[in-house]
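Structure first, then comments.
No experiment lies behind these values; they were computed from the predicted model shown. Throughout, numbering of the chain's residues begins at 1 and tracks the sequence.
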Amino acid sequence: MQIQHFFDKDTFTLSYVIHKQGSTKAIVIDPVWDIDTVNGLLNDRSVKEIFAYLEAKNLIPELCLETHAHADHLTGSQLLKNKYPQMKIAINRRITKVQAVFADLFNIHSEVNLDGSQFDWLLDDWKEYEVAELKFKVIPTPGHTAACSSYLVGSAVFVGDAMFMPDYGTGRCDFPQGSAAELYESIVENLYKLPDQTRVYTGHDYQPNGRPLKFESTIAEQKEKNIQLPANRSKSDFVAMREKRDATLSTPRLLLPSLQVNIRAGHLPTPENNGTSYLKTPLKTNSPVTSL
């Protein structure tokens, strides 16, 4: 199996293209659609890098796998589907839980079905599928969000935001329906039970202390060296640490636009009567105000 990574520096996101050597078929994982929120400009710079690789290798993507509904970048899945309409977009079927929460937050029930039907394919926990001449297994890894999955493809597992490189630790758990206790179980019981030599590919690399980009480790390395969750750490210690740290973290810069698009499987909101799509920002205030 061939694995090619793509790094979006603006959001520190890793996307991947995987394909069997000699095949003309591929799977894309977690593509990025760039956005400048100051002027509302959407940019396909990151997806163009994936297009260039696919074309250079004469590959046709059959599947786009989303590890979860990202809160820090817009998915580029629909850009890929526009170019490769036969491609399917897939996510864990627990996405419906996330849709319900954020349909409430943004008051978009009239626009967003809460049954996951925006996606082409809803995946089941622990089930094995075969696409693009590759077999992959869906490993449930909730905690960061309720619908997070990792994907085991051969001897490689793509973990999204469940955990990062050992020197950075694990994903935050303070989003709605997030749970540090669930993340502990996801990693210790579901990921750390994989063979030690399993290669781990992360969904982000924040390059702590300015080190060069890293995105691949092994289960053995994670179990021994993960600074937040080595294999010998107790659940209570991890949950206390994770919750204390999460309480200090700021809201992701792109959380509001990302989730409105990502729970729609990468579709923009329905254009209004002037032909333009709009994203909502829920407003809060600590002062009494009146509306017009």
Side-chain angles (χ1 to χ4, degrees), residues 1-6 8 13-35 42-70 73-96 98-99 111-113 115-125 127-139 147-154 156-158 160 201 203 258 260-271 277:
M1 182 174 66
Q2 306 295 302
I3 300 173
Q4 179 60 50
H5 72 278
F6 302 85
D8 177 59
T13 302
L14 272 303
S15 305
Y16 298 95
V17 172
I18 57 178
H19 57 99
K20 191 173 181 180
Q21 189 168 3
S23 175
T24 59
K25 304 172 183 178
I27 296 174
V28 180
I29 301 176
D30 290 342
V32 173
W33 192 359
D34 304 283
I35 184 171
L42 291 160
N43 188 303
D44 61 0
R45 171 183 54 82
S46 292
V47 170
K48 277 184 175 178
E49 295 181 12
I50 296 177
F51 287 160
Y53 178 80
L54 293 171
E55 290 168 6
K57 297 291 185 178
N58 295 313
L59 295 169
I60 301 295
E62 291 196 341
L63 182 66
C64 176
L65 284 174
E66 298 284 6
T67 55
H68 61 294
H70 313 277
H73 70 268
L74 277 65
T75 174
S77 58
Q78 290 299 328
L79 300 182
L80 281 158
K81 195 170 181 68
N82 285 343
K83 187 175 178 66
Y84 302 101
Q86 79 292 337
M87 187 194 77
K88 305 297 185 184
I89 301 171
I91 199 166
N92 192 291
R93 69 172 57 255
R94 282 179 279 110
I95 187 61
T96 56
V98 179
Q99 288 177 324
E111 290 188 45
V112 177
N113 294 328
D115 58 2
S117 57
Q118 301 85 350
F119 297 84
D120 298 307
W121 201 359
L122 298 180
L123 304 173
D124 294 308
D125 291 344
K127 189 169 180 179
E128 188 172 71
Y129 300 87
E130 185 169 0
V131 179
E133 301 176 26
L134 294 167
K135 291 182 179 180
F136 69 92
K137 179 181 284 188
V138 180
I139 300 178
C148 288
S149 287
S150 297
Y151 299 112
L152 180 65
V153 190
V157 62
F158 298 85
Y201 290 88
S258 295
Q260 290 177 72
V261 172
N262 295 343
I263 64 171
R264 291 174 163 100
H267 291 284
L268 296 178
T270 303
S277 295

Provide the closest heavy-atom pair for [X] versus [Y] in the form atom of the first, atom of the second, distance.
X	Y	result
Tyr84	Ile60	CE2-CD1, 3.9 Å
Ile3	Ala156	CD1-CB, 4.0 Å
Gln260	Arg264	O-NH1, 2.7 Å
Ala147	Asn92	O-CB, 3.6 Å
Phe51	Leu79	CZ-O, 3.6 Å

Using a 3.5 Å distance criterion without hydrogens, assess whether the side chain of [X] forms a donor-acceptor pair with backbone atoms of [Y].
X	Y	result
Thr67	Asp30	no
Glu62	Ala132	yes
Gln2	Gln21	no
Gln86	Pro61	yes
Asn262	Thr75	yes
Ser277	Pro269	yes

Measure the shortest side-chain to side-chain distance between [X] and [Y] over non-hydrogen atoms and say whether it is less than 4.5 angstrom.
X	Y	result
Tyr16	Val28	no
Glu66	Ser149	no
Cys64	Met87	yes
Ser15	Ser46	no
Leu268	Val261	yes
Asp8	Glu49	no

With [X], which residues qualify under side-chain contact (heavy atoms from CB on, under 4.5 Å), at least two apart?
X	value
Asn113	Asp115, Ser117, Gln118
Arg93	Leu122, Asp124
Lys88	Leu63, Asp120

Which distance, rounded to the nearest 0.5 Å, do you find between the [atom1] of [X] and the [atom2] of [Y]?
X	Y	atom1	atom2	result
Met1	Ile27	CE	CD1	9.0 Å
Leu80	Leu54	CG	CG	7.0 Å
Lys83	Lys48	NZ	NZ	10.5 Å
Ile18	Leu134	CD1	CG	5.5 Å
Ile29	Tyr151	CD1	OH	8.5 Å
Thr13	Leu74	OG1	CG	10.5 Å

Tell me, with the steps shown, if Gln78 and His267 meet side chain to side chain donor-acceptor pair (under 3.5 Å). CA-CA 7 Å; Gln78 290 299 328; His267 291 284; 3.2 Å; yes
Take Leu123 and Phe136, measure what side-chain contact (heavy atoms from CB on, under 4.5 Å) needs, and give me the verdict at the end. CA-CA 11 Å; Leu123 304 173; Phe136 69 92; 4.2 Å; yes
So His19 and Tyr53, would you call those rings parallel, tilted or perpendicular, with 30° and 60° as cut-offs? tilted
Hey, would you say the Phe158 and Tyr201 ring centroids sit under 6.0 Å apart? yes
